[in-house]
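The structure displayed is predicted, hence computed values, not measured ones. Order of the sequence lines fixes the chain letters, A, B, ..., with proteins taken first and strands second; residue numbering starts at 1 for each chain.
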Amino acid sequence: MDDIKEKSDFIREIIRQYLNNENEEKDNSERSAKTKKIHTRFPPEPNGYLHIGHAKSICLNFGLASEFGGKCNLRFDDTNPTKEEQEYVDSIKEDIKWLGFDWDSREFYASDYFNRLYEFALILIKKGKAYVCDLSSDEIREFRGTLKEPGRESPYRNRSIDENLRLFEEMRLGRYPDGSKVLRAKIDMSSPNLNMRDPIMYRILRRSHHRTKDKWCIYPTYDWAHGQSDSIEGITHSICTLEFEDHRPLYDWFIEQLEIHHPRQIEFARLNLTYTVMSKRMLLMLVEEKHVSGWDDPRMPTISGMRRRGYPPEAIRNFCSQIGVAKADSTVDFAFLEYIIRENLNKNALRAMAILNPLKVIIDNYPEDLSEELTAINNPEDDSAGTRKVPFSKVIYIEKEDFMEEPPGKFYRLAPGREVRLRYAYFIKCESVVKDDKGNILEVHCTYDPQTKGGDAPDGRKVKATLHWVSEKHSIPAEVRLYNHLFAVENPYKTEEGGDFKDNLNPDSLKVLKDCRLEPSLLNVKPGDIYQFERIGYFCVDIGSTKEKIIFNRTVTLKDEWAKIKKSV
RNA sequence: UGGGGAGUCGCCAAGUGGUAAGGCAACGGGUUUUGGUCCCGUCACUGCGAAGGUUCGAAUCCUUCCUCCCCAGCCA
């Protein structure tokens, strides 16, 4: 979809081998490569909003399916009614669609399989491979042993099959209080892999489920539900993150006991980004404690936050494909994300002129009542975007940053006695400065050269800088929100003793500018529209923006050579 | 110190026994009516976590060691 060249990574390698029938058992090799299809799935839990880390998984799973001519399901892993909500289901679907992926009619839920799972559990009990355990959660933990010491067997481990069948049935019927009993797999309490020490399959939980409502009072655990759900759906490649690597033996065990379709699980390293956190638990905390305005706050690494911030879905897809897939833990530099965003927006965003911090400039020799329409290019990277007219008059605004009374050597914008170009307009020369009692610059007086209309001098003289501007009387007001990193440090998890990741929140992550002035062509912008404000950055019209009150969010700045020079001086 | 993973440039990441891709960042230069874009150049000079070994030849194979991540939820 986005990349021309064929991608290659260890997962695609495995899939190509699978499709070529390499390393396969005899009976499978009968199936021709032509009829062999892959089937993946994206399995979110609806307990929060999707973030850029999920985008990596979505791009991988849906991308693999489309590259290799297979299918990808959307399956909600909704096995824990205490945390899951319909709101999250809705947001997840919206975000995946917005990212540009389609699950057709294959929208599934682990809860669709509650009956099947119950039947599967019965099979295990009948095989003597699962039992009802009356130990409390504390006792279970105690009996589990530690990383170094083996666990001990539960005193309920050797109940008869009939008793287990009866008890499990009664659990389902609601005869026992929450937490009083669980169904456990009977595997090996001395396994060095803690996941194999008789893991819990069902717990009693009287909580209404967002889909099955009050039908069940026992719910399967993720470990019990996940692998079987993949199997039921005929998933060929179950792609998940690294932390599930040592759950794989358990999933294999369940599948083998049940003698059902066996998907191949492949684990990859989850995405980390500098200057942010990527855990739904922590993001939820930021939302609930109002450190941000919501899940879609433009500072959030959520898909909805990035959408509101102005990151195009195509750019996010490119990002996900360019960071690659591997098994080594990694933290991608936020600057790389910004590079991808700029790369995309530079090609696509229309240009406009906007003044964030207005400084009044009066052109003394320009006629009082005259105004001219000057021609401006909409996108120098795309001729088809055409041109527009921008009004010019005697009083204009320029950026405060673009004028210095006593400029250092490397500053080559406007200064007393100096001539610069106003983009698409004229050369102007600074003649004087008007200040208040405190020395604040109120206005700058200039003269213009009528010969330089459009921006070129007939005598061939050059200027070192071109400034953007808006005509005072034609300009329209706007609010502009400047966003910076949510966290002040690259790794927010690193805190002082007893500290909290929130201690690292960046106090300057949002700066609201209320007195900005825009060129009049921006009067009818709609939420979601994206522009490059020339010489400043890319800005996206906020969802809360109206014609009466226009609000722009800064998506990302332009690269700024001058900022670097300034810093180094 | 049990088990499972991982270590290639500041950050991602190719490489799968034949002599270290690429991108980002950084730095230098050119073009430019955006100090943007674009273009050019520099950036792992026996070095691929370390030390040994096998080999004509090793980032790739073997041995030992070191470092980092994950696992003791009735979360996912």
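- When both pairing distances are held under 3.5 Å, B:C38 makes a Watson-Crick or G-U pair with B:G30.
- A donor N or O paired with an acceptor N or O is not found under 3.5 Å between the base of B:G35 and the side-chain atoms of A:Asp560.
- B:G53 takes the anti form, because its glycosidic angle lies more than 90° either side of 0.
- Residue-level contact check: A:Thr331 touches the backbone only, with heavy atoms under 4.0 Å from sugar-phosphate atoms and none from bases.
- For the pair A:Arg413 and A:Leu135, nearest-nucleotide mapping onto RNA chain B gives the more 5' position to A:Arg413.
- Tested against A:Tyr202 for a ring-ring contact (aromatic ring centres under 6.0 Å, His included), the candidates A:Phe168, A:Tyr219, A:Tyr222, A:Trp216 yield a single pass: A:Phe168.
- Out of B:G5, B:G3, B:C24, the shortest distance to the side chain of A:Glu245 is found at B:G5.
- Ring centroids of A:Phe120 and A:Phe254 are separated by 6.0 Å or more, keeping the two rings apart.
- If you check distances only, the side chain of A:Arg351 does reach the base of B:U34 with a donor-acceptor pair under 3.5 Å.
- From A:Cys217, atom SG reaches atom CZ of A:Arg203 across 12.5 Å, with rounding to the nearest 0.5 Å.
- A:Leu205 places its CG atom 17 Å from the P atom of B:G73, with the value rounded to the nearest Å.
- Counting non-hydrogen atoms under 4.0 angstrom, A:Pro150 reaches nothing in the nucleic acid.
- With hydrogens and angles left out, the side-chain atoms of A:Glu267 and A:Gln265 include a donor and acceptor closer than 3.5 Å.
- The side chain of A:Pro192 sits closest to B:G2 out of B:G5, B:G2, B:C12.
- Listed nucleotides B:G5, B:C12, B:A76 differ in distance to A:Thr79; the shortest reach to its side chain belongs to B:A76.
- A donor and an acceptor atom sit less than 3.5 Å apart, one in the side chain of A:Tyr412 and one in the base of B:G35.
- Distances shown here put every side-chain N or O of A:Arg342 at or beyond 4.0 Å from the OP1 or OP2 atom of B:G36.
- With A:Glu419 as the partner, the salt bridge (Lys or Arg N to Asp or Glu O under 4.0 Å) test is satisfied by one option alone out of A:Arg461, A:Lys429, A:Arg413: A:Arg461.
- An OP1 or OP2 oxygen of B:C69 is reached within less than 4.0 angstrom by no side-chain nitrogen or oxygen of A:Arg270.
- Ranking B:G5, B:G2, B:U34 by closeness to the A:Asp329 side chain, first place goes to B:G5.
- Looking at heavy-atom distances under 4.0 Å, A:Arg141 makes contact with sugar-phosphate atoms alone, never a base.
- For A:Arg12, no side-chain nitrogen or oxygen approaches OP1 or OP2 of B:A14 to under 4.0 Å.
- Close to B:C75, at under 4.0 Å from its OP1 or OP2, lies no side-chain N or O of A:Tyr222.
- Side chain A:Glu381 to base B:G36: a donor-acceptor pair is found below 3.5 Å.
- The side chain of A:Asp77 has B:A76 as its nearest neighbour among B:G15, B:A76, B:C11.
- Within the nucleic acid shown, A:His226 has no heavy atom closer than 4.0 Å to any nucleic acid atom.
- For B:A76, the OP1/OP2 oxygens have a side-chain nitrogen or oxygen of A:Arg203 closer than 4.0 Å.
- When side chains are defined from C-beta on, A:Asp198 counts as touching A:Arg157, because their heavy atoms get closer than 4.5 Å.
- Set against B:A76, B:A14, B:A25, the side chain of A:Phe244 has B:A76 as its closest nucleotide.
- B:A21 and B:C9 have their P atoms separated by 14 Å, given to the nearest Å.
- Residue A:Ile323 has its side chain nearest to B:C12 when only B:U34, B:G23, B:C12 are considered.
- Here A:Lys148 lies in heavy-atom contact (under 4.0 Å) with a base.
- Comparing atom distances between the A:Ala335 side chain and each of B:A25, B:A14, B:A6 picks out B:A25 as nearest.
- Listed candidates were B:G73, B:A6, B:C71. Nearest to the side chain of A:Asp246 is B:C71.
- Straight-line distance between the C1' atoms of B:G4 and B:A51: roughly 26 Å, to the nearest whole Å.
- Comparing A:Lys462 and A:Val325 by the nucleotide of RNA chain B whose heavy atom lies nearest to each, the residue mapping closer to the 5' end is A:Val325.
- The one candidate from A:Ile530, A:Leu522, A:Leu482, A:Leu518 that meets the side chain to side chain contact (heavy atoms under 4.5 Å, CB included) condition with A:Phe539 is A:Leu482.
- Closest to the A:Lys564 side chain, of the nucleotides B:A76, B:A72, B:C27, is B:C27.
- As judged by a 4.0 angstrom heavy-atom cut-off over every strand, A:Glu267 is placed among residues making no nucleic acid contact.
- One C1' atom belongs to B:C62, the other to B:C69, and the distance between them is 26 Å to the nearest Å.
- Applying the Watson-Crick and G-U wobble criteria (two distances, each under 3.5 Å), B:U67 pairs with B:A6.
- Salt-bridge check for A:Glu245 with A:Lys327: passed, with a basic side-chain N closer than 4.0 Å to an acidic carboxylate O.
- Residue contacts shown for A:Leu467 are absent, as no nucleic acid heavy atom lies under 4.0 Å away.
- The residue A:Asp223 sits apart from the nucleic acid: no heavy atom pair falls under 4.0 Å.
- Partner assigned to B:A44 is none, using Watson-Crick or G-U wobble distances below 3.5 angstrom.
- For the OP1/OP2 pair of B:U37 and a distance below 4.0 Å, the side-chain nitrogens and oxygens of A:Lys347 include no atom meeting the criterion.
- If you check every strand for non-hydrogen atoms under 4.0 Å, A:Ser137 touches a base.
- Residue contacts shown for A:Val556 are absent, as no nucleic acid heavy atom lies under 4.0 Å away.
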